[in-house]
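Numbering of ligands and ligand atoms starts at 1, following listing order.
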Amino acid sequence: MDSLADNRLVAGLPAIDRRRFIGDCEFVDLRFGQDLGRALSPMRHVYFPLTAIISQFSGTRPKAMLEVGLIGYEGMCGATAMLGPRLQPFGLLVQGEGSSLRMGTDGFLLKLLSMPALDRSLRRYLLSNVLQLGQATVCTRYHAVEPRLARWLLMMSDRARAPALRLTHKFLSDMLGVRREGVTEAAAALQERGLIHYSRGRIELLDRAGLERAACDCYAADIATYRRVMRVGRQDAI
Ligand SMILES: [Zn+2]
């Protein structure tokens with residue numbers, strides 16, 4: 001089981017590696033809306049969220065950006081540094097405030113050389129990320145706003161490990177890459193079905209099983225991909 005203080009990738013390391021790794025990380029508190037770097041900017045740090053949630057954005061222009069990943073305690077930001085170039089492949093924005101482990105990119109790459117278990121686990125993680133990016137493309141092209149919103153709320157709730165989220169329609173519209181009116185309609189429809197309740201920037205998930213049925217297949221597909229590639233058990237939510 002995860003404790004609120006564990007990042008799953010770090011928690012899965014052999015005990016001696018885990019202690020060494022955490023000892024060389026900084027603990028940082030990330031604020032809601034904090035910008036952690038633009039796409040294609042130099043990658044100075046890698047992040048292993050504990051309670052924080054970080055959005056990965058593709059695109060560099062404000063009106064042509066789309067969220068392509070949501071990273072919480074199950075993952076990390078910066079795994080592509082393993083491939084060589086130290087460039088942020090995506091923009092990073094803090095979506096859920098909370099704590100994270102952080103390490104300088106150079107130090108992280110050195111760690112990989114001395115910790116083969118970490119190296120193996122992060123190679124798997126990178127593959128699961130690539131597969132999920134493919135799924136995100138399918139989702140954006142083929143799925144309607146309402147099931148995409150249901151999927152996104154479930155993903156946020158899984159990573160927040162909480163049934164209530166602080167969100168605005170403007171923010172959701174940026175995340176899903178759709179007009180704000182489209183988000184308002186989809187949220188109203190989910191509320192009408194008794195699946196969520198929203199007011200003043202707070203959304204509560206009232207019926208998780210119902211929301212899973214309302215979500216597009218991408219929600220279950222992402223979880224299956226993560227479990228298969230990372231070899232985690234069925235008892236884990238993500
Ligand atoms: Zn979808």
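- For Ser114 and Arg20, the side-chain atoms include at least one donor-acceptor pair closer than 3.5 Å.
- Other residues, nucleotides and ligands place more than 12 heavy atoms under 6.0 Å from the CZ atom of Arg208.
- Donor-acceptor pairing under 3.5 Å is recorded for the side chains of Ser55 and Glu67.
- Donor-acceptor pairing under 3.5 Å is recorded for the side chains of Ser99 and Thr51.
- A donor-acceptor pair shorter than 3.5 Å can be found between the side chains of Tyr219 and Asp158.
- At a cut-off of 2.8 Å, measuring from the Zn ion (ligand 1), the protein N, O or S atoms that fall short of it are Cys139 SG, His143 ND1, Cys216 SG, Cys218 SG, waters left aside.
- The cationic atom of Arg161 (NZ for Lys, CZ for Arg) lies less than 6.0 Å from the six-membered ring centre of Tyr73 and within 45° of the ring axis.
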